[in-house]
Amino acid sequence: LLAAVAVAMAVHIQVQADPRSRLWILGAVAIGGMLAVWGGIEQIVWGFDRVREMVADMAARGQGIPPALLNRVQQDRAFGAFTYPNNLAAHLLLVMPIIAAAGWRLGDEFEPVRVSRLVIPGILLGLCGWVFLATGSRGAVVAMVAAGGGMFLLSMYTGDRQRVRRMAL
């Protein structure tokens with residue numbers, strides 16, 4: 001927690017000193033988030049089979065299989081480069097809005113702009129959602145629904161839906 005506060009303060013100081021650096025920082029976060037998504041996709045598509053083969057080879061050779069590894073293989077929950085599936089889900093929950101904003105921004109570079117502004121974030125969020133659901137994290141789903149509900153209630157309470165949409169991104 002202390003490290004997260006220190007990073008947030010460092011980013012705040014950097015953005016105050018050079019407001020243009022905000023785009024570079026958000027871009028780096030979006031790229032890092034997509035790398036985490038790629039790790040999850042790689043694991044979903046190829047990784048589980050490789051781990052199962054490794055466990056079968058270990059069993060055939062009479063080696064002891066660590067209980068944590070056996071439990072991971074049986075769960076079939078994506079965890080990517082993280083230790084636990086819930087950590088990957090929490091990370092994706094935090095970076096999905098930034099990835100959507102980066103995709104929206106990237107859509108400005110392609111014609112027709114109106115279409116690409118919807119298609120690019122849609123594809124990116126679709127990939128994020130696939131990995132997010134593959135984590136099987138019930139707590140992250142509850143957190144996402146609660147955050148969405150909170151944003152909806154905030155927009156109804158304030159009456160300023162445009163401002164709430166900007167806050168959501």
Cluster question for you: counting only ILVMFWY and a side-chain heavy-atom cut-off of under 4.5 Å, with indirect links fine, are [X] and [Y] together?
{"X": "Met34", "Y": "Val119", "value": "yes"}
{"X": "Phe110", "Y": "Ile99", "value": "yes"}
{"X": "Trp46", "Y": "Leu127", "value": "yes"}
{"X": "Val45", "Y": "Leu92", "value": "yes"}
{"X": "Leu124", "Y": "Leu23", "value": "no"}

Show which residues join Val7 in its hydrophobic cluster (side-chain heavy-atom contacts under 4.5 Å, direct or indirect), or state none.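 Members other than Val7 - counting any ILVMFWY side chain reachable under 4.5 Å - are Val11, Val15, Ile25.
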Output the rest of the hydrophobic cluster of Val113: all Ile, Leu, Val, Met, Phe, Trp and Tyr residues reachable through side-chain heavy-atom contacts under 4.5 Å, sorted by chain and number.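 Reading the cluster by chain and number, Val113 sits alone, since nothing else belongs.
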Please enumerate all residues that pass side chain to side chain donor-acceptor pair (under 3.5 Å) together with Glu42, with sequence neighbours excluded.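 Glu42 satisfies side chain to side chain donor-acceptor pair (under 3.5 Å) with Arg50 only.
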Going by ring pair (Phe, Tyr, Trp, His ring centres under 6.0 Å), name the pairs with one or both residues in residues 68-108, residues two or more places apart or in two chains.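 Residue pairs passing ring pair (Phe, Tyr, Trp, His ring centres under 6.0 Å), neighbours aside: Phe82-His91.
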Of the non-hydrogen atoms in [X] and [Y], which two are nearest, and what is the gap between them?
{"X": "Val37", "Y": "Cys128", "value": "CG2-SG, 3.6 Å"}
{"X": "Pro121", "Y": "Gly103", "value": "CG-C, 3.6 Å"}
{"X": "Ala59", "Y": "Ile65", "value": "CB-CD1, 4.0 Å"}

Which is it for Trp130 and Ile44 under the side chain to side chain contact (heavy atoms under 4.5 Å, CB included) test, yes or no, and what are the steps along the way? CA-CA 10 Å; Trp130 179 31; Ile44 293 165; 3.8 Å; yes
Test item: Arg105 side-chain N/O and Ala101 main-chain N/O as donor-acceptor pair under 3.5 Å: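 It does not hold such a pair.
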Just how far is it from atom [atom1] of [X] to atom [atom2] of [Y], taken to the nearest 0.5 Å?
{"X": "Arg117", "Y": "Glu109", "atom1": "CZ", "atom2": "CD", "answer": "10.5 Å"}
{"X": "Ile120", "Y": "Leu106", "atom1": "CD1", "atom2": "CG", "answer": "4.5 Å"}
{"X": "Gln14", "Y": "Arg20", "atom1": "CD", "atom2": "CZ", "answer": "10.5 Å"}
{"X": "Asp76", "Y": "Gln43", "atom1": "CG", "atom2": "CD", "answer": "9.0 Å"}

Check whether more than 12 heavy atoms from other residues, nucleotides or ligands sit under 6.0 Å from atom CZ of Arg22, and answer yes or no.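 Result for CZ/Arg22: open.
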Scan the side chains in residues 131-143 for donor-acceptor partners under 3.5 Å anywhere in the protein, sequence neighbours excluded, and list what turns up.
from	atom 1	to	atom 2	distance (Å)
Thr135	OG1	Phe132	O	2.5
Thr135	OG1	Ser137	N	3.4
Ser137	OG	Asn86	OD1	3.0
Ser137	OG	Ala140	N	3.3

Can you list the residues that meet the side chain to side chain contact (heavy atoms under 4.5 Å, CB included) rule with Leu125, with sequence neighbours excluded?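 Listed in chain order: Met96, Ala100.
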